[in-house]
> 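Quick one: structure below, then a few questions.
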Amino acid sequence: MDKIVPFGEWLPDMPELSNPGALTATNVFPRAQSYGPIKKLTPQASALAGRARGGVAARDAANDTYMYAADAASIYEIRNQTPRTVGSSYAVAEAEDWEFAVFSGRVIATNYNDHVVSLAIGTGSFTSHITAPTTLSDTPKAKHIGVVRNQLVLGYTNSVTDGAQPNQVRWSAIGDSRDFVQNNATQSDSQLLPDGGQVQRIIDGVEYGLIFQESTIRRMSYVGAPAVFDLDPIDRKRGTHVPKSVIGLGRSVFFYTEEGFFRNDGGSDSTPIGDQKIDKYLESVFDPANAHYASSAVDRVNKLIMWALPTAAGIADRIYCFNYAIGRWSEIELSTQLLISAQTQQYTLEDLDSISTDIDNGVLDSFDSGTWRGGFFQLGAFQSNNRFSTFSGANMAATIDTAEVQFTGGRNTFIENTRPLVDGGSPTVSIGHRSRNSDPVVFSEASSMNSIGECPQRNEDRYQRFRVNIPEDTDWEHAQGVEVEFTPAGRR
């Protein structure tokens, strides 16, 4: 008998026996009927002086792309593989980070300990952004920053006049992100949120913004003077305790809370996207004490929202991938300091001299590649060595487990042969098996593929699952499942 056991949706929260999906999907990303390979990180710049705490990609008026990133003490412009210091002498606490906004041709950055700073994209250095009030000591500091319509918004603020205000949001004058003098004419103002806990994140919006608190999500809608903005709760049941898990894409915002992963589209409630899928699994491995190491980014090419989260190791050593088009998940075993939604930079032939003077040494991509044109979305990350990198190397080693199956009800099954349905990559197959649902799973020795595409296996047991390992640095695009040859065996 022959049967194809597909690699279905990764569902670690479901029972292993007769799971409708896959039990393991590691170092792959989900597609509609298969899994695709995750590329290794390839360094694109020299190292920052310290751990990356935040970053952003921005375009200037000429549509040239620049990358900015920060560690505890400095902000850098990363161009042509060289980080150039464009801001220094900062003092960011270990559990704090930088947040960036792009508004009216400027990159604006905040870290709560220091005053808000900015520069014109591609020129100069970071200097104090807020020019009013004129007294520098009284300008607001903030943990969180965003742009709503035509105004800069700060959250979790601190100033000499007001002191620390974890529940406050404060916004600039219309069209002037540097003016924070509260004035009805300019419509710069502030508001203390009466409930919901500390401000955790501000999500940009053209029509409206979203303010995430610890236990409430508010919609920030422009209504004009004198109120300027209505800050209406749209979800009082949940907010987030992991600020850097909140990430927007179009009208949708994705986030992690104590209940698991959710999506909110600006409406009156939030939709679970991890329930009965990965929420319980993640709860068992996530380390909330080190939530400040978390980060998130969008991979637009593969339609993925990606969260780097800390586990028991105390660092962000796992990445969880959610395909927002089809609602499927996967997992990457990789340590990162920071995930970042980056863009390719534009290079001239003269710029290439700063990367390599030898075009034949295999370091450079083809000159036909979009790498050199600039402005293309790409997923980036800072590795543990403080270097900005992109997921553009050879394929990582991948592991995918099918669900546990019982081919012949009430009897054992004898496996005669297996064929991995992978379009390349020299995969191997091993069989996990057990006699009782309560027994530990024992895996057979992995079998390599022969010349006719089979991974010969012999195994007899009641419950069986099939693990496919695909070596690193091998080429493949789709992993779909395992074709199994079997015959019913006797009872045991």
> Any donor-acceptor pair under 3.5 Å linking the side chain of Thr399 with the backbone of Thr26?
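No.
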
> Within the structure provided, determine whether Val253 and Val246 are in side-chain contact (heavy-atom separation under 4.5 Å).
yes

> What residues, two or more places apart in sequence or in another chain, satisfy side-chain contact (heavy atoms from CB on, under 4.5 Å) together with Ala93?
Glu96

> Can you sort out the partners of Trp307 under ring pair (Phe, Tyr, Trp, His ring centres under 6.0 Å), two or more places apart, ordered by chain and number?
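Partners of Trp307 by the ring pair (Phe, Tyr, Trp, His ring centres under 6.0 Å) criterion, ordered by chain and then number, come out as Phe261, Trp329.
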
> Using salt bridge (charged side-chain N to carboxylate O under 4.0 Å, His left out) as the criterion, point out the one residue from Lys141, Arg53, Arg201 that pairs with Glu99.
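Exactly one option meets the salt bridge (charged side-chain N to carboxylate O under 4.0 Å, His left out) with Glu99, and it is Arg201.
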
> Does Trp171 form a ring-ring contact (aromatic ring centres under 6.0 Å, His included) with Tyr222? I'd like the steps, not just the answer.
CA-CA 11 Å; Trp171 53 87; Tyr222 179 77; 9.7 Å; no

> Checking Phe286 now: which residues fulfil ring pair (Phe, Tyr, Trp, His ring centres under 6.0 Å) with it, not counting sequence neighbours?
Tyr256

> With Glu214, which residues qualify under side-chain contact (heavy atoms from CB on, under 4.5 Å), at least two apart?
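Per chain and number, Glu214 pairs via side-chain contact (heavy atoms from CB on, under 4.5 Å) with Gln198, Gln200.
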
> Examine distances only and state if a side-chain atom of Ser34 and a backbone atom of Arg31 form a donor-acceptor pair shorter than 3.5 Å.
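Not at all, since once roles are kept as given, no pair shorter than 3.5 Å links the two residues.
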
> Kindly write out the residues that satisfy side-chain contact (heavy atoms from CB on, under 4.5 Å) with Gln182, not counting sequence neighbours, or none if the list is empty.
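side-chain contact (heavy atoms from CB on, under 4.5 Å) check on Gln182 returns Arg170, Asp189, Ser190.
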
> Taking only residues two or more places apart in sequence or in another chain, which ones pass ring pair (Phe, Tyr, Trp, His ring centres under 6.0 Å) with Tyr35?
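Partners of Tyr35 by the ring pair (Phe, Tyr, Trp, His ring centres under 6.0 Å) criterion come out as none, since no residue qualifies.
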
> If we ignore hydrogens and angles and just use 3.5 Å, is the side chain of Arg178 paired with the main-chain N or O of Ser128 as donor and acceptor?
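Side chain of Arg178 to backbone of Ser128: a pair is present.
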
> I'd like a table of donor-acceptor pairs (distance under 3.5 Å, sequence neighbours excluded) in which one partner is a side-chain atom from residues 223-234, with atom names and distances.
none

> Under the 3.5 angstrom rule, does the side chain of Gln165 hit a backbone N or O of Thr157 as a donor-acceptor pair?
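Judged by distance alone, no pair lies under 3.5 Å.
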
> If I compare all heavy atoms of Val147 with all of Arg149, which pair ends up nearest, and what's the gap?
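Result for this residue pair: CG1-O, 3.9 Å.
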
> Quick one: does NZ or CZ of Arg263 land under 6.0 Å from the six-membered ring centre of Tyr324, within 45 degrees of the ring axis?
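Cation-pi check for Arg263 and Tyr324: fails.
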
> Examine Lys39 relative to Phe391 and say whether NZ or CZ is less than 6.0 Å from the centre of the six-membered ring and inside a 45° cone about the ring axis.
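Because its charged atom misses either the 6.0 Å distance or the 45° angle limit, Lys39 does not stack over Phe391.
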
> Are any side-chain N or O atoms of His129 and backbone N or O atoms of Ser177, one a donor and one an acceptor, separated by less than 3.5 Å?
yes

> Can you run down the ring pair (Phe, Tyr, Trp, His ring centres under 6.0 Å) pairs that involve residues 176-215, sequence neighbours left out, and say none if there aren't any?
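Listed by first then second residue: Phe212-Phe255.
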
> To check you understand the geometry: which heavy-atom pair defines the closest contact between Arg84 and Gly124, and what is its length?
NH2-O, 4.0 Å

> Please name all residues satisfying side-chain contact (heavy atoms from CB on, under 4.5 Å) with Glu258, sequence neighbours left out, ordered by chain then number.
His241

> In the structure I gave you, are the side-chain heavy atoms of Ile217 and Ile211 within less than 4.5 Å of one another anywhere?
no

> Just to verify, what does Arg238 make a salt bridge (charged side-chain N to carboxylate O under 4.0 Å, His left out) with, not counting sequence neighbours?
Asp235, Glu259, Asp269

> Please answer whether the main-chain N or O of Ala294 pairs with a side-chain N or O of Lys244 as donor and acceptor at a distance below 3.5 Å.
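Present.
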
> Does Tyr76 have any side-chain hydrogen bond (donor to acceptor under 3.5 Å, both in side chains) partners at least two apart in sequence or in another chain, and if so, which?
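Partners of Tyr76 by the side-chain hydrogen bond (donor to acceptor under 3.5 Å, both in side chains) criterion, ordered by chain and then number, come out as Asp71.
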
> Let me confirm one number: the CG-CD1 distance from Asp299 to Ile38, rounded to the nearest 0.5 Å.
7.5 Å

> Taking only residues two or more places apart in sequence, or in another chain, which ones meet Thr161 in a side-chain hydrogen bond (donor to acceptor under 3.5 Å, both in side chains)?
Asp138

